[in-house]
Amino acid sequence: MIYLKNYINGELVEPYAGQYLENIDPSRGTVFSMIPDSDANDVQKAVEAAEAAEEAWANLHYEKRAAYIEAIAKGIEARMDEFVAAESLDNGKPLSLARRVDIPRAVSNFRFFATAIQQQSTETHFMEGLGVNYTLRRPIGVVACISPWNLPLYLFSWKIAPALATGNCVIAKPSEITPYTSYLLSEVCKEIGLPKGVLNIIHGLGPKVGDALSRHQKIKAISFTGGTATGRTIASIAAPMFKKLSLELGGKNPNIIFADCNFEKMIKTTVRSSFENQGQICLCGSRIFVERSIYDKFKTEFVERVNALSIGDPRTDVNVGAIVSQAHYNKILSYINLAKEEGGRIISGGEAYIPEGDCKEGYFIKPTVIEGLAYNCRTNMEEIFGPVVTLTPFDTEKEVLMYANATEYGLATSIWTENLSRAHRMAEKVESGIIWINCWLLRDLRTPFGGMKNSGVGREGGWEALRFFTEAKNVCIAY
Ligand code: NDP
């Protein structure tokens with residue numbers, strides 16, 4: 001049995017209280033490792049280590065900080081197979097997906113911010129005949145990064161890399177459901193000799209470790225990705241303490257398909273945007289709106305392709321792996337039942353899948369397609385975050401905009417049309433922080449990333465992340 005450890009002050013250490021939680025392989029339903037069940041004492045030790053490291057790290061030349069961050073990227077690359085296997089085992093995602101997306105992206109995140117910090121410039125504002133202002137950006141100090149289970153190392157590194165690059169010391173908490181690759185990351189940080197206390201990784205439960213991070217007086221900023229309800233809890237604690245907050249929250253993303261789209265490109269991408277990572281990507285399009293004139297054609301081809309997706313043991317060559325946990329599996333199945341109660345017709349999937357062999361106790365759900373629901377029923381309003389999509393026909397742009405904007409969320413939208421004017425009109429009016437036209441998940445790490453409405457506050461990515469993790473000071477000099 002593997003016992004994971006916390007990474008505090010440059011050392012791999014046991015949790016203060018000596019307690020552990022079980023870590024389950026969701027494709028088999030069996031325990032494969034034990035995770036520190038840390039508490040406020042572990043957080044306190046990490047804060048002390050981070051405070052001790054803060055001044056030296058903030059004052060280290062940015063090229064030297066960048067060199068450490070690049071060394072982390074190389075350290076992950078050198079152990080690529082191990083990271084890929086760990087991510088798939090912990091999360092249930094197909095090994096091929098972890099190899100194609102998750103781990104390469106974690107490497108890119110570190111590499112991107114190691115480079116970005118060397119390109120950062122600052123603003124100046126001249127006051128003709130009087131003086132000049134310049135903006136001085138300094139690290140915030142000790143910051144917390146809290147991330148979810150769906151893209152474990154991908155999202156963990158997306159926060160840690162800019163926080164470190166800008167000269168902050170970090171206390172990071174992965175989801176206790178998928179802690180394995182963040183543990184491997186702490187081994188890499190030790191291997192490359194990252195200075196002590198600069199990065200601390202604490203494992204454990206959100207309501208214990210996450211709560212202690214939100215409440216700690218010395219932690220001045222929190223970058224959080226997770227559910228909207230958790231974001232609300234963190235904000236209610238941290239906002240009155242005037243902590244800087246970046247909240248990347250839930251979504252219920254529309255995928256809007258006009259009859260004039262490139263059908264082949266659209267349908268291929270729509271299968272992916274519906275079911276990649278078992279639909280557990282915050283950017284997956286779960287409400288598919290199709291212009292009525294191509295609705296039947298779309299439905300027939302889509303269902304045919306969905307039925308052809310292979311599902312099963314993530315270590316084999318499959319399209320769809322396991323759902324991340326039993327609790328989440330139960331939640332998704334309960335939403336499928338709700339959809340039926342609300343009058344939905346299941347036209348593909350709609351039930352659990354039981355593979356043969358040693359994955360028979362795993363948490364698998366067939367990719368599910370539902371039609372016949374009202375645009376504003378609960379199934380179409382609440383985040384399911386699984387392999388479940390609904391199909392709804394529409395007649396006009398005005399109507400589909402109303403459907404698309406009807407939820408409390410505003411994270412991402414895909415729009416499929418070859419009509420350029422319509423694409424721009426829709427992009428302007430749709431209530432989403434991220435809009436893809438004729439594509440999905442095409443990411444440029446320099447662009448602002450985040451949601452509006454209840455999908456979040458603030459933006460990550462590129463300069464936005466470097467700005468979030470720094471305090472801006474205006475320095476005014478009179479001639
Ligand atoms: P949660 O909100 O349950 O958890 C996210 C993180 O917060 C975990 O590390 C969790 O710890 C921790 N946490 C839980 N409770 C608290 C608390 N009281 N105080 C501080 N931290 C806490 O989300 P999930 O892990 O279930 O992730 C799925 C959600 O994430 C979905 O809603 C999805 O849409 C959203 N998401 C948003 C993205 C975006 O960019 N907008 C991207 C990816 C996902 P633990 O797991 O250990 O309990």
Query raised in the report: Among side-chain atoms of Asn307 and Ser348, is any donor-acceptor pair under 3.5 angstrom?
Result: yes
Query raised in the report: Can a salt bridge be assigned to the pair Arg305 and Glu301 using a cut-off of 4.0 Å between side-chain N and carboxylate O?
Result: yes
Report task. Decide yes or no for Phe302 and Leu391: does some side-chain heavy atom of the first lie under 4.5 Å from some side-chain heavy atom of the second? Result -> yes
Query raised in the report: Is there a donor-acceptor pair under 3.5 Å between the side chain of Lys331 and the backbone N or O of Gly386?
Result: no
Requested in this report: Please determine, by modelled atom types, if Lys159 and Thr225 share a side-chain donor-acceptor pair under 3.5 angstrom.
Outcome: yes
Report task. Not counting sequence neighbours, which residues clear side-chain contact (heavy atoms from CB on, under 4.5 Å) with Asn438? List them please. Result -> Lys265, Trp416, Glu418
Query raised in the report: Could Glu77 and Arg111 be called an ion pair, given the rule that one side-chain N must be under 4.0 Å from one carboxylate O?
Result: yes
Requested in this report: State whether a side-chain donor-acceptor pair under 3.5 Å links Thr417 with Asn419.
Outcome: no
Query raised in the report: Considering only heavy atoms from C-beta outward, does the side chain of Leu151 approach that of Lys93 to under 4.5 Å?
Result: yes
Query raised in the report: Would you call His203 and Ser182 a side-chain contact if the rule is heavy atoms closer than 4.5 Å?
Result: yes
**Report entry** Any residue meeting side-chain contact (heavy atoms from CB on, under 4.5 Å) with Ser157, in chain and number order, not counting sequence neighbours
**Finding:** Ala106, Asn109, Phe110
**Report entry** Any Glu361 side-chain heavy atom under 4.5 Å of Thr30 side chain
**Finding:** no
Review item, side-chain donor-acceptor pairs of residues 368-377, under 3.5 Å, at least two apart:
unit_1 : atom_1 : unit_2 : atom_2 : d
Thr368 : OG1    : Gly350 : N      : 2.8
Thr368 : OG1    : Lys366 : O      : 2.7
Glu371 : OE1    : Tyr295 : OH     : 2.7
Glu371 : OE1    : Lys299 : NZ     : 3.3
Glu371 : OE2    : Lys299 : NZ     : 2.9
Glu371 : OE2    : Arg345 : NE     : 3.4
Glu371 : OE2    : Arg345 : NH2    : 3.3

Query raised in the report: Is it true that a side-chain atom of Asp39 and a backbone atom of Asn41 form a donor plus acceptor pair closer than 3.5 Å?
Result: yes
Requested in this report: Answer yes or no: is there an ion pair linking Arg28 with Asp358, defined by an N-O contact shorter than 4.0 Å?
Outcome: yes
Query - Separation of Ser325 OG from Asn23 CG (nearest 0.5 Å) - result: 11.0 Å
Query raised in the report: Roughly how far apart are Cys189 SG and Ile160 CD1, rounded to 0.5 Å?
Result: 7.5 Å
Query raised in the report: Between Phe364 and Gly312, which heavy-atom pair has the shortest distance, and what is it?
Result: CE2-O, 3.2 Å
Report task. Using distance alone, with no hydrogens and no angle criterion, decide if Asn6 and Ser38 have a side-chain donor and acceptor under 3.5 Å apart. Result -> yes
Query raised in the report: Between the side chains of Tyr409 and Glu383, does any donor sit under 3.5 Å from an acceptor?
Result: no
Query raised in the report: Sequence neighbours excluded, which residues qualify as side-chain contact (heavy atoms from CB on, under 4.5 Å) partners of Lys5?
Result: Leu12, Glu14, Tyr183
Query raised in the report: At what distance, to the nearest 0.5 angstrom, does OG of Ser274 lie from CG of Leu309?
Result: 9.5 Å
Query - Student check: side-chain heavy atoms of Ile365 and Gln278 closer than 4.5 Å - result: no
Query raised in the report: Considering all heavy atoms of both residues, which atom of Glu431 and which atom of Met452 are nearest to each other, and what is their separation?
Result: C-SD, 3.6 Å
Query raised in the report: Are Ile281 and Trp440 close enough that some pair of their side-chain heavy atoms sits under 4.5 Å apart?
Result: yes
Query raised in the report: Would Arg79 and Glu187 pass as an ion pair if we require N to O under 4.0 Å?
Result: yes
Query raised in the report: For atom CD1 of Ile354, is the number of surrounding heavy atoms from other residues, nucleotides or ligands below 6.0 Å larger than 12?
Result: no
**Report entry** Geometric cation-pi criterion, Arg287 with Tyr403: 6.0 Å, 45°
**Finding:** no
Report task. Can you sort out the partners of Ala235 under side-chain contact (heavy atoms from CB on, under 4.5 Å), two or more places apart, ordered by chain and number? Result -> Leu245, Leu247
Query raised in the report: Within the side chain of Ser273, is there an N or O that forms a donor-acceptor pair under 3.5 Å with the backbone of Thr270?
Result: yes
Query - Test ring-ring contact (aromatic ring centres under 6.0 Å, His included) applied to Phe32 - qualifying residues, sequence neighbours left out - result: Tyr180
Query raised in the report: Is any side-chain heavy atom of Ser310 closer than 4.5 Å to a side-chain heavy atom of Asn319?
Result: yes
Report summary line: ring pair (Phe, Tyr, Trp, His ring centres under 6.0 Å) test vs Trp149 passes for just one of Tyr154, Phe156, Phe385, namely Phe385
Query - Under 3.5 Å: donor-acceptor pair, side chain of Asp42, backbone of Pro15 - result: no
